[in-house]
Amino acid sequence: MREEERMENNGLCPGLEPGRFMVAHADGAARAGCLHTAHGIVRTPIFMPVGTVGSVKAVAPDDLHALGAEIILGNTYHLYLRPGDELIARRGGLHRFAAWDKPILTDSGGFQVFSLPGLRKIREEGVEFRSHLDGSKHLFTPEKVIAIQRNLHSDIIMVLDECVPYGTDYPYTAKSIEMTTRWALRSREAYPKGTGRNLLFAITQGGFFPDLRAASVAQLAEHDFDGFAIGGLSVGEPKPIMYELLAHTVPLLPGAKPRYLMGVGTPLDIVTGISHGVDMFDCVLPTRNARNGTLYTSQGKINIKRKEFAEDDGPLDPACACYTCRTFSRAYLRHLYHSGEILSFRLNSLHNLTYYLDLVRAARQAIKEQRFAYFKRHIESLYPDEAAQAAGA
RNA sequence: GGUGGGGUUCCCGAGUGGCCAAAGGGAACAGACUGUAAAUCUGUCGUCGUACGACUUCGGUGGUUCAAAUCCACCCCCCACCA
């Protein structure tokens, strides 16, 4: 099956050069393509499991290979603080250190500046913050963050950005995108095109103001980044607002470059993103929810801890081919959850990640076969509450 | 047989006259989780009622008191030590 995928890969994007991105199929705004990184080709649209500290929680690389993960995430902030990017560099980089030989994208730490409350100062030079581990003070500059990610041997380096919370006013947001742009340009200067094999992605921001979103994209798009991300969404805003902004922003991003919607989202969010032309996604939901008992199935979302599953001998999802679904009953998975067993985290994570990877694979296939709109309606039908909410009901 | 300690709402366990349907923890039930300080957090948790509230409960029985899980008497059971 892996071999088959590889052949499809070759068939999908013949002659794709290292470091390049290619759109092979389009269906409306949705597109399917390939991104060539230093550690191999990633087929888009893709979901990237989150492995913040160099580990996709509860899941080993073998499992990730089995469920078809093509690229995972690591985090600059966390790995810099512990065990240290230089230590990882001495181990031969994050791939070798973590025994993951496929691509890795590393987030810049911009999100941590946003999400970790407490002492932090954002100024032109960079961000001063305190470690959540020991309270020690650190300074992240755009240049420093690039250096850290190069030490990690990241395949896709994200620039340092400022992610503003929902509710941030217009004047602040307007200034913020200007600084995020300057930071991105400093990042590009610190790591000129052609220096190494790592790709460099810029992050567009703009809060919840369409014109600022457009301005941020315009400022960044004229420069030679390898990809463009949309940051600062799904930070507490109502879903219709996020969807409107997504619909507004994605088409502005350069069509020839990969487009990455950061930190999003639910299956519906992802399919919606794909429909607008997003190529890459990451989110903690499948792994975090797995650990908290919320599982995604072909019938929609279920909470495995519910009493109704206590004597349910059926598989978690009859339509799923993952190890968990092939092997265990809902009753057993519920028991493992209630007993606080470590195996619960692993089996649930395995399943949810399989669901997400299957989802993007199915989306890719639907695009290829020109039936993406139908596919999207099907996914919407699985999450009626969320779809209604997104529609503003 | 003696001496001492104890029996509290599903479990453990606070509570020694009114502010007690009774702290806290656990279990149970339900919900949340979106570039992971998340193996986390929130709610419910005697019965009936949407609620103000009403009713029943602290081993048993009887008593003292305006008022008892709390005081008294007897009884039942458990634990420790001594015989």
Side-chain angles (χ1 to χ4, degrees), chain A residues 47-59 71-79 81-82 105-118 120 129-135 145 149 154 156-164 166 201 203-205 227 229-239 242-243 246 260-270 272-273 278 280-296 301-310 334 336-346 348-349 352 356 383 385-386 389-390:
Chain A
F47 175 77
M48 306 180 280
V50 178
T52 304
V53 301
S55 150
V56 177
K57 294 187 194 302
V59 179
I71 172 172
I72 64 173
L73 237 74
N75 188 279
T76 299
Y77 167 87
H78 295 271
L79 292 169
L81 288 180
R82 185 170 63 191
L105 178 151
T106 46
D107 186 28
S108 62
F111 186 75
Q112 278 61 45
V113 170
F114 153 83
S115 69
L116 297 177
R120 60 173 191 226
F129 61 91
R130 282 190 183 279
S131 159
H132 70 281
L133 298 173
D134 63 4
V145 157
Q149 292 178 84
S154 173
I156 302 175
I157 293 173
M158 301 304 299
V159 301
L160 186 65
D161 65 325
E162 184 186 18
C163 179
V164 300
Y166 181 57
F201 279 27
I203 304 175
T204 67
Q205 290 284 349
I230 298 175
L233 289 187
S234 205
V235 290
E237 73 280 12
K239 208 171 259 285
M242 172 187 157
Y243 279 20
L246 200 54
Y260 167 24
L261 177 55
M262 303 187 78
V264 173
T266 65
L268 185 62
D269 292 342
I270 288 175
T272 302
V278 176
M280 304 164 68
F281 303 84
D282 79 281
C283 192
V284 304
L285 272 180
T287 41
R288 179 182 291 169
N289 279 351
R291 276 176 274 121
N292 294 327
T294 298
L295 303 173
Y296 295 94
K301 211 165 69 163
I302 70 170
N303 197 327
I304 197 62
K305 66 185 170 192
R306 289 174 64 93
K307 197 187 189 87
E308 62 182 291
F309 303 122
R334 178 178 188 271
L336 289 179
Y337 181 85
H338 278 274
S339 303
E341 282 296 310
I342 294 174
L343 186 58
S344 169
F345 301 137
R346 169 154 177 260
N348 291 350
S349 297
N352 271 356
Y356 267 64
Y383 304 97
D385 294 349
E386 194 188 343
Q389 193 194 339

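Naming: A, B, ... by sequence-line order, numbering from 1 per chain.
Not a single donor-acceptor pair under 3.5 Å links the side chain of A/D282 to the backbone N or O of A/P49. A donor-acceptor pair is defined here as one N or O able to donate and one able to accept, closer than 3.5 Å; no such pair exists between the side chain of A/N75 and the backbone of A/T52.
With hydrogens and angles left out, the side-chain atoms of A/Y337 and A/N292 include no donor and acceptor closer than 3.5 Å.
B/A27 and B/C41 have their P atoms separated by 12 Å, given to the nearest Å. With P as the reference atom, B/U44 and B/G26 are 15 Å apart, rounded to whole Å. Taking atom P in both B/C78 and B/C19, one finds a spacing of 34 Å when rounded to whole Å. Between B/G24 and B/C33, the two P atoms lie 27 Å apart (nearest whole Å). Nucleotides B/U64 and B/C72 place their P atoms 15 Å apart, quoted to the nearest Å. To the nearest whole angstrom, the two P atoms, one in B/G6 and one in B/A21, are 25 Å apart. Of the P atoms belonging to B/G5 and B/G53, the separation is 41 Å, rounded to the nearest Å. On the C1' atoms, B/G25 is 8 Å away from B/G13, given to the nearest whole Å.
For A/D161, counting side-chain heavy atoms from C-beta on, the closest listed nucleotide (B/G35, B/U36, B/A30) is B/G35. Ranking B/G35, B/U34, B/A30 by closeness to the A/C163 side chain, first place goes to B/G35.
Whole-Å rounding puts the A/N292 CG to B/A30 P distance at 16 Å. In this entry the distance linking CG of A/L285 with P of B/A38 reads 15 Å, nearest Å. Between the OH atom of A/Y356 and the C1' atom of B/C33 there is a distance of 11 Å, rounded to whole Å. Distance, A/E308 CD to B/G31 C1': 14 Å, rounded to whole Å. In this structure, A/Y260 places its OH atom 12 Å from C1' of B/U34, rounding to the nearest Å. Here the P atom of nucleotide B/C33 and the CD atom of A/Q389 are 9 Å apart, to the nearest Å. The separation between A/I270 atom CD1 and B/G35 atom P is 11 Å, rounded to whole Å. A/N348 places its CG atom 16 Å from the C1' atom of B/A38, with the value rounded to the nearest Å.
Side chains of A/V113 and A/E162 form no contact here, defined as non-hydrogen atoms less than 4.5 Å apart.
Under the side-chain hydrogen bond (donor to acceptor under 3.5 Å, both in side chains) rule, A/S154 has a single partner from A/T76, A/T106, A/D107, which is A/T106.
Each of A/S234 and A/H338 has a nearest nucleotide on RNA chain B; the 5'-most of these lies closest to A/H338. Comparing A/G109 and A/F345 by the nucleotide of RNA chain B that holds the closest heavy atom to each, the one mapping nearer the 5' end is A/G109.
Across all strands, A/S115 comes closer than 4.0 Å only to sugar-phosphate atoms, never to a base (heavy-atom distances). Contacts of A/E341 with the nucleic acid, taken as non-hydrogen atoms under 4.0 Å apart, are absent. Counting non-hydrogen atoms under 4.0 angstrom, A/R334 reaches the backbone sugars and phosphates but no base. At the heavy-atom level, A/D269 lies under 4.0 Å from base atoms of the strands shown. As judged by a 4.0 angstrom heavy-atom cut-off over every strand, A/L261 is placed among residues making no nucleic acid contact. Counting non-hydrogen atoms under 4.0 angstrom, A/L233 reaches nothing in the nucleic acid. At the heavy-atom level, A/N75 lies under 4.0 Å from the strands shown only through sugar-phosphate atoms. Residue contacts shown for A/G232 include a base, since a base heavy atom lies under 4.0 Å away.
In terms of phosphate contacts, A/R306 brings a side-chain nitrogen or oxygen within less than 4.0 Å of OP1 or OP2 of B/G31. Under 4.0 angstrom from either OP1 or OP2 of B/G35 there lies no side-chain N or O belonging to A/Q112.
By the 30° and 60° cut-offs, the orientation of the rings of A/Y77 relative to A/F129 is tilted.
Using the Watson-Crick or G-U wobble rule with both distances under 3.5 Å, B/A51 pairs with nothing in any strand shown. Across all strands shown, the partner of B/A28 is B/U44, judged by Watson-Crick or G-U wobble contacts whose two distances both fall under 3.5 Å. Across all strands shown, nothing is found opposite B/A21 as a Watson-Crick or G-U wobble partner with both distances under 3.5 Å.
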Could you please spell out the steps behind the side-chain hydrogen bond (donor to acceptor under 3.5 Å, both in side chains) verdict for A/T272 and A/D269? CA-CA 5 Å; A/T272 302; A/D269 292 342; 5.7 Å; no

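Not a single donor-acceptor contact under 3.5 angstrom links the side-chain atoms of A/R291 to the base of B/A39.
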